[in-house]
Amino acid sequence: MSSIVVRVKKKQIEQLIAKGKRLDGRGLTDYREIQIEQGVVERAEGSARVLLGKTEVLAGIKIEVGTPYSDTPNEGVLTVNAELVPLASPTFEPGPPSENAIELARVVDRGIRESKAIDLEKLCIKPGKKVFIVFVDVYVLNHDGNLIDASALAALAALLNTKMFNYELEEDDVKIKPGRKPLPIRKHPIAITCAKINGKLVVDPWLEEEQIMDARLTMTTDDDGNICAIQKGGSGWFTSKQVLETAKIAKEKAKELRKKLVKA
Amino acid sequence: MSSIVVRVKKKQIEQLIAKGKRLDGRGLTDYREIQIEQGVVERAEGSARVLLGKTEVLAGIKIEVGTPYSDTPNEGVLTVNAELVPLASPTFEPGPPSENAIELARVVDRGIRESKAIDLEKLCIKPGKKVFIVFVDVYVLNHDGNLIDASALAALAALLNTKMFNYELEEDDVKIKPGRKPLPIRKHPIAITCAKINGKLVVDPWLEEEQIMDARLTMTTDDDGNICAIQKGGSGWFTSKQVLETAKIAKEKAKELRKKLVKA
Amino acid sequence: MSSIVVRVKKKQIEQLIAKGKRLDGRGLTDYREIQIEQGVVERAEGSARVLLGKTEVLAGIKIEVGTPYSDTPNEGVLTVNAELVPLASPTFEPGPPSENAIELARVVDRGIRESKAIDLEKLCIKPGKKVFIVFVDVYVLNHDGNLIDASALAALAALLNTKMFNYELEEDDVKIKPGRKPLPIRKHPIAITCAKINGKLVVDPWLEEEQIMDARLTMTTDDDGNICAIQKGGSGWFTSKQVLETAKIAKEKAKELRKKLVKA
Amino acid sequence: MSQKSEKLIDKKGLRLDGRKPDQLRPIKIEVAILANADGSAYIQQGKNKILAAVYGPKEAHPKHLSLPDRTRLRCRYHMAPFSVQERKSPAPSRRERELSKVIRESLEPSIFLEYYPRTSIDIFIEVLQADGGTRCASITAASLALADAGIPMRDLVAACAAGKIDDTIVLDLMDTEDKKGGADVPVALMSNLNAITLLQMDGTLSLKEFEKAVNLALKGCMKIYALQKEALKAKYMNVKEAAKE
Amino acid sequence: MSQKSEKLIDKKGLRLDGRKPDQLRPIKIEVAILANADGSAYIQQGKNKILAAVYGPKEAHPKHLSLPDRTRLRCRYHMAPFSVQERKSPAPSRRERELSKVIRESLEPSIFLEYYPRTSIDIFIEVLQADGGTRCASITAASLALADAGIPMRDLVAACAAGKIDDTIVLDLMDTEDKKGGADVPVALMSNLNAITLLQMDGTLSLKEFEKAVNLALKGCMKIYALQKEALKAKYMNVKEAAKE
Amino acid sequence: MSQKSEKLIDKKGLRLDGRKPDQLRPIKIEVAILANADGSAYIQQGKNKILAAVYGPKEAHPKHLSLPDRTRLRCRYHMAPFSVQERKSPAPSRRERELSKVIRESLEPSIFLEYYPRTSIDIFIEVLQADGGTRCASITAASLALADAGIPMRDLVAACAAGKIDDTIVLDLMDTEDKKGGADVPVALMSNLNAITLLQMDGTLSLKEFEKAVNLALKGCMKIYALQKEALKAKYMNVKEAAKE
């Protein structure tokens with residue numbers, strides 16, 4: 001977009017927000033409509049598709065046997081990767097993960113990891129030698145803003161949909177046995193993002209808002225209302241009042257989303 | 001080349017072909033002169049140099065001990081790589097393999113693999129643990145068209161030239177013993193390429209023909225006249241009649257080339 | 001720099017050198033002031049910072065357990081890497097090692113390796129299976145010319161500063177025991193570089209001299225005055241007389257530097 | 001491909017999933033399903049689930065790669081890490097790079113490339129789930145995405161494979177049939193022009209078997225062509241209805 | 001982060017290195033220590049040893065990445081291979097790439113980017129030794145390097161983390177506390193503007209604990225801000241004295 | 001290099017392949033052997049088999065790397081995967097990248113670079129079989145390829161190594177001698193100008209031994225220089241004869 005178009009749009013959005021309104025008709029703390037569909041990729045151990053307005057994210061889970069990290073010999077391994085595939089937006093380029101894709105993956109990862117959502121000790125096969133590796137692959141299919149919340153939600157929905165295979169150890173070889181069981185999920189971390197536009201906070205920014213926002217703040221909270229991950233992004237700033245306001249919004253909105261997920 | 005030069009040349013070649021003639025004096029189904037020289041790189045386990053007109057390709061074979069693929073624990077591993085090294089053409093760039101180099105390697109690979117030319121089960125040392133890996137490295141030294149046929153021929157000639165070392169297993173370690181024996185080669189897959197120019201098929205296109213052709217079609221056939229690999233290339237199309245005509249040409253020409261190779 | 005500026009500077013420097021003088025006031029065979037500080041990175045097994053005029057290089061040593069090369073099963077492994085990090089010069093780019101960084105690392109490596117400065121056999125834990133790997137990481141922090149000499153000196157000073165951990169083998173696992181001991185260093189290879197400018201040799205060229213020099217010649221000598229590594233660089237040439245003159249200068253200057261290091 | 005002893009065709013002449021030899025897998029096609037792309041399509045063929053998107057024509061970038069007399073068609077075939085049995089690294093494999101090339105070359109003949117000199121058209125294909133025959137299904141979807149983007153075309157390209165299992169020539173091999181069968185012949189066709197724009201093969205076939213396989217694959221292409229046209233029609237009906245409301 | 005049984009705070013309320021909960025580690029800052037860079041700074045915070053250098057504003061390269069209305073700020077946070085316990089490969093890790101981004105975004109608000117359209121400013125950070133809290137120390141140093149380079153700024157950015165160990169909110173966690181503790185909240189602040197330009201968190205905190213941690217971190221930032229100003233003053237004194245001689 | 005107990009020189013003073021200490025390996029040189037390259041040469045020196053090709057002068061690309069006052073010489077030394085005992089990955093190793101640099105710098109002094117400003121000349125070297133001393137043989141061949149391409153040159157560059165085995169200074173070390181010997185000194189020379197354009201060393205030599213080795217290497221260079229000129233003459237004779245026919 002040319003900088004003039006951006007400036008005009010910025011003004012328009014800011015004037016609306018000053019009146020508590022948004023371009024797409026939402027109120028400042030309204031979330032877009034969410035659709036969650038689980039099990040969309042049968043070949044994956046787990047999968048889920050999330051529609052957040054026109055933002056569309058697919059997450060797939062694969063589970064493999066591997067070696068634990070040396071400092072956590074009794075725990076399975078969680079690996080989160082995000083692909084901003086070029087069919088999702090004219091601004092996404094093919095090639096190795098961009099800075100944005102890496103940040104996205106790491107923020108989703110932190111939410112799951114720090115909330116201890118997965119009981120990783122239950123994924124240990126043989127301490128120090130063999131554990132399960134849980135690959136969470138986040139695949140953005142259409143980018144219309146707020147990829148972090150949509151991706152975190154898709155990842156969690158896919159984990160909840162995941163069925164692990166049964167196994168037994170035979171002389172250090174993992175033999176797969178019939179039957180499947182769910183992943184040991186203990187918590188449901190939900191990421192909520194607010195954008196700061198002209199000094200006001202708006203929840204769940206869509207693409208046009210992201211293009212003109214000052215900054216964004218994502219807070220991930222667990223079932224107990226504790227914060228487990230935060231990420232500030234963008235080249236603006238927040239006051240400490242705005243930070244605490246965001247924390248409250250995040251806690252409240254996360255409850256709403258968590259309900260939808262458990263229903264899903 | 002500028003697009004005007006290409007268009008003039010295209011017209012000239014097409015007019016000749018309409019009369020059943022070619023720029024370099026060949027008839028439409030004539031192959032260029034072939035020279036095959038085996039054993040040119042003594043340090044390799046096997047090697048061969050093929051001259052197809054001015055197209056020059058060197059193939060070298062190295063054999064190493066490695067682990068089998070998990071789905072074929074009783075079979076050795078075949079790996080084909082092609083390098084379009086920049087000394088061969090002003091259009092080849094240094095750097096990681098281009099799309100063309102990858103296609104070339106994979107078409108040569110398919111011919112060998114699908115014809116079951118190498119008895120890979122004889123390359124198993126210890127099932128599931130240790131097998132021989134056969135590296136076929138195709139090295140294009142001068143590019144004057146029809147790299148696929150020249151490369152497939154060089155690869156096969158090099159495999160026929162290959163001497164494996166003898167070995168014995170000592171407590172899971174492979175010990176090399178004196179003496180050498182040939183690779184277990186069962187079939188002689190030969191690739192034959194036709195180009196479609198102005199609706200006509202010409203065999204073994206050279207560079208000037210490739211630059212203006214509509215499309216090319218490569219068929220690899222084995223000693224029994226069966227087809228074992230096909231690759232269409234280029235941005236044109238073929239009718240099903242042309243496809244079957246190519247199959248017949250390929251079968252016939254492959255016989256001729258196979259004879260030369262066995263002589264070599 | 002524009003080519004005109006370079007030409008003017010070249011003339012100026014050449015005229016001075018014709019009179020036996022240099023832009024920074026040194027005589028032709030004077031070395032810049034050297035400061036060596038060891039142990040600057042406590043977390044590394046060894047480290048040293050070298051200031052050569054305004055050229056600043058940090059070297060850090062890490063020691064890990066790994067596998068030996070198959071042709072030297074009884075020897076530890078030496079690995080030298082050099083990073084021309086972009087904070088050191090406006091001409092250094094972020095990204096994978098440039099040609100210059102690779103050459104720098106390899107010249108430093110050759111000096112240490114060929115002089116047999118480290119008794120690598122003493123770094124063998126279990127022949128053919130487990131040895132110590134000594135990582136020498138050369139980090140250029142400010143580039144004001146003659147990176148080779150400064151880097152070789154920093155690497156050697158860091159090796160002399162290195163403390164290895166004690167260990168014992170328990171069923172093939174290396175267990176770290178309390179206490180530390182120095183690396184087995186036998187020799188002190190010192191690299192000395194001369195630049196050829198307008199037919200004259202100058203020792204320890206700084207940046208402005210390097211920018212206009214014809215060529216450079218680095219000779220590394222050991223404690224016995226033997227040469228153990230040489231590298232010619234730059235797009236000019238040397239006469240055999242200049243080569244032998246450089247060898248004599250290198251031997252003499254290395255003695256001076258070696259003294260400073262032993263003092264350090 | 002290695003022929004194992006397990007039967008891929010039962011005594012009744014039916015395949016593992018109950019299909020007859022000349023029967024396609026169930027196919028579901030949707031056009032215009034991605035909001036940002038200029039054109040897009042989704043195909044489900046058996047368990048294959050594939051998205052194709054088209055961006056362009058747009059200014060070619062970098063400029064020195066633009067062509068003075070026609071558009072530059074680019075194509076990326078890519079598999080999601082979770083689309084196959086063992087997780088696939090997201091970095092493009094050699095197979096993906098070859099398929100990107102042959103898919104591009106199977107679509108190029110259908111496009112009036114000379115209409116948009118100095119521009120580029122990007123085709124992005126994402127295989128979300130793979131079950132054999134993904135290159136053909138990708139071509140089918142990508143051709144629709146091109147049409148959806150309004151790119152002027154000679155005809156739609158429909159693609160389908162035939163092959164050999166248990167000595168029988170069959171249509172549209174699924175993964176197990178591909179892996180255990182004797183040959184696979186993917187074909188792409190512009191039906192109106194009788195133009196074969198993709199032809200590959202691996203396995204072993206006699207000349208006769210090959211001829212039979214190609215003819216069967218071409219029939220498959222024509223059936224899929226009909227489904228493509230239905231999908232396009234369905235889209236325009238939707239647009240029409242939307243316009244009425 | 002996993003909470004282990006070992007105590008990180010003793011009975012007297014002191015931490016492993018003898019600090020009180022709200023106490024910073026010893027900090028040493030020097031400005032203008034690299035000869036070639038346009039601006040530079042060195043910080044030692046506990047065992048952290050970090051260099052920051054600034055080059056620019058200069059012509060943006062490649063040109064198509066230049067911005068018509070402001071400077072392009074670029075930032076590379078990089079760790080020396082010997083800076084951590086196990087040797088780190090010199091190739092940038094995913095962590096280093098994320099930190100490069102958040103550090104850049106924590107410094108951007110402080111710079112009058114619109115003063116130098118079509119240019120770029122490069123910030124290079126090298127962690128020579130790491131002991132927890134390197135991103136904050138890097139921001140503190142990089143902001144000084146920007147000032148040293150004469151880049152017009154709204155305010156200096158000072159950064160500091162707070163976190164939770166043994167159920168106590170503490171300031172400026174060192175590596176062991178970070179790894180064994182319950183939460184870490186790095187914060188960056190422009191003190192004059194009361195503007196938080198970096199905020200991240202990992203671990204688990206209740207809303208109350210979080211509020212307490214942010215406030216403690218902000219106090220830490222303000223203390224570090226004072227040290228930054230001292231370091232700048234020291235530099236100008238040196239320049240002055242040098243000028244007198 | 002590690003000195004092992006096996007003898008590299010026998011009682012008669014002969015080396016493993018029967019050569020005297022100051023004897024070159026058999027050398028075969030051919031010029032103009034590649035059809036597409038602007039210039040090319042092939043050298044066999046012992047078991048070394050090396051091709052060199054030159055393309056240029058041509059427009060430098062990318063343009064911002066072109067030099068306003070001279071041509072940009074580029075050089076790639078590359079080994080075929082099958083050229084050495086254990087298969088070498090085709091990706092350029094650090095060794096290959098260093099050798100590319102030193103070979104380029106050994107050839108640069110011989111070229112009138114200023115004749116073709118803003119252009120580039122590419123030298124591509126492919127080692128098809130390696131047996132010690134490949135960098136020298138590469139220089140010898142590449143210099144001929146430059147001449148064959150009609151690049152204006154001060155003189156041909158000929159290269160040869162000397163070294164120490166079993167305490168004897170010998171000429172033109174082969175692989176076994178290089179690996180088991182005590183030192184290797186590769187040298188490149190423009191004979192007419194008495195200009196040493198390459199000088200490297202590894203191993204250990206006293207100053208006296210070094211002087212002896214350099215002088216022996218220079219003699220080797222001069223012998224190779226004669227062979228280079230013969231090869232060029234042979235090529236022109238061929239051209240002449242071809243013209244007559």
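Chain letters run A, B, ... following the sequence lines, proteins first and then strands; every chain starts at 1.
The residue among Leu244(A), Asp224(A), Val107(A), Thr239(A) with the most heavy atom pairs within less than 4.5 Å of chain E is Leu244(A). Heavy-atom pairs under 4.5 Å with chain E were tallied for Glu103(A), Gln242(A), Arg110(A), Arg106(A); the largest tally goes to Arg106(A). Looking only at heavy-atom pairs under 4.5 Å with chain E, the residue among Gly234(A), Gly236(A), Ala247(A) that has the most is Gly234(A). For chain E, the option among Ile102(A), Val243(A), Thr220(A), Thr218(A) with the highest count of heavy-atom pairs below 4.5 Å is Ile102(A).
For Lys122(A), the NZ atom counts as loosely surrounded, since its 6.0 Å shell holds 12 or fewer non-hydrogen atoms of other residues, nucleotides or ligands. More than 12 heavy atoms of other shown residues, nucleotides or ligands fall within 6.0 angstrom of atom NZ in Lys130(A). A 6.0 Å sphere centred on NZ of Lys10(A) holds more than 12 heavy atoms belonging to other residues, nucleotides or ligands. Enclosure of atom CD in Glu59(E) is not indicated, since only 12 or fewer non-hydrogen atoms of other residues, nucleotides or ligands lie within 6.0 angstrom. Within 6.0 Å of NZ on Lys219(E) lie no more than 12 heavy atoms contributed by other residues, nucleotides or ligands.
The distance from the CD1 atom of Ile230(A) to the CG atom of Leu205(E) is 8.0 Å, given to the nearest 0.5 Å. To the nearest 0.5 Å, the span separating NZ on Lys241(A) from CD1 on Ile196(E) amounts to 13.0 Å. Considering NZ of Lys251(A) and CG of Leu207(E), their distance stands at 5.0 Å, rounded to 0.5 Å. Leu113(E) CG to Ser235(A) OG: the interatomic distance, rounded to the nearest 0.5 Å, is 7.0 Å. One finds the CD atom of Glu114(A) at 7.5 Å from the CE atom of Met201(E) (value rounded to the nearest 0.5 Å).
For Leu199(E), the parts sitting under 4.5 Å from any heavy atom of chain A are the backbone and the side chain alike. Residue contact with chain E, scored on non-hydrogen atoms closer than 4.5 Å, involves the backbone of Ser98(A) exclusively. Of the atoms belonging to Leu189(E), not a single heavy atom falls under 4.5 Å from chain A. With a 4.5 angstrom heavy-atom cutoff, Asp222(A) touches chain E only via side-chain atoms.
Here the closest non-hydrogen pair linking Asn226(A) and Ser206(E) is OD1-CA, 3.2 Å. Closest heavy-atom contact between Trp237(A) and Thr197(E): CB-CG2, 3.9 Å.
Heavy-atom proximity under 4.5 angstrom to chain A picks out Arg94(E), Arg95(E), Arg97(E), Glu98(E), Lys101(E), Val102(E), Arg104(E), Glu105(E), Ser106(E), Glu108(E), Pro109(E) from residues 92-111 of chain E.
In this structure, Tyr225(E) has no ring pair (Phe, Tyr, Trp, His ring centres under 6.0 Å) partners at least two apart in sequence or on a different chain. Taking Asp109(A) as the reference, Arg113(A) meet the side chain to side chain donor-acceptor pair (under 3.5 Å) condition, with sequence neighbours excluded.
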Return a table of donor-acceptor pairs under 3.5 angstrom between the side chains of residues 78-86 of chain E and protein atoms on other chains or two or more places apart.
{"residue": "His78(E)", "atom": "ND1", "partner": "Tyr139(C)", "partner atom": "OH", "Å": "2.9"}
{"residue": "His78(E)", "atom": "ND1", "partner": "Arg76(E)", "partner atom": "NH2", "Å": "3.3"}
{"residue": "His78(E)", "atom": "ND1", "partner": "Glu126(E)", "partner atom": "OE1", "Å": "3.0"}
{"residue": "His78(E)", "atom": "ND1", "partner": "Glu126(E)", "partner atom": "OE2", "Å": "3.4"}
{"residue": "His78(E)", "atom": "NE2", "partner": "Pro90(E)", "partner atom": "O", "Å": "2.7"}
{"residue": "Ser83(E)", "atom": "OG", "partner": "Ala80(E)", "partner atom": "O", "Å": "2.7"}

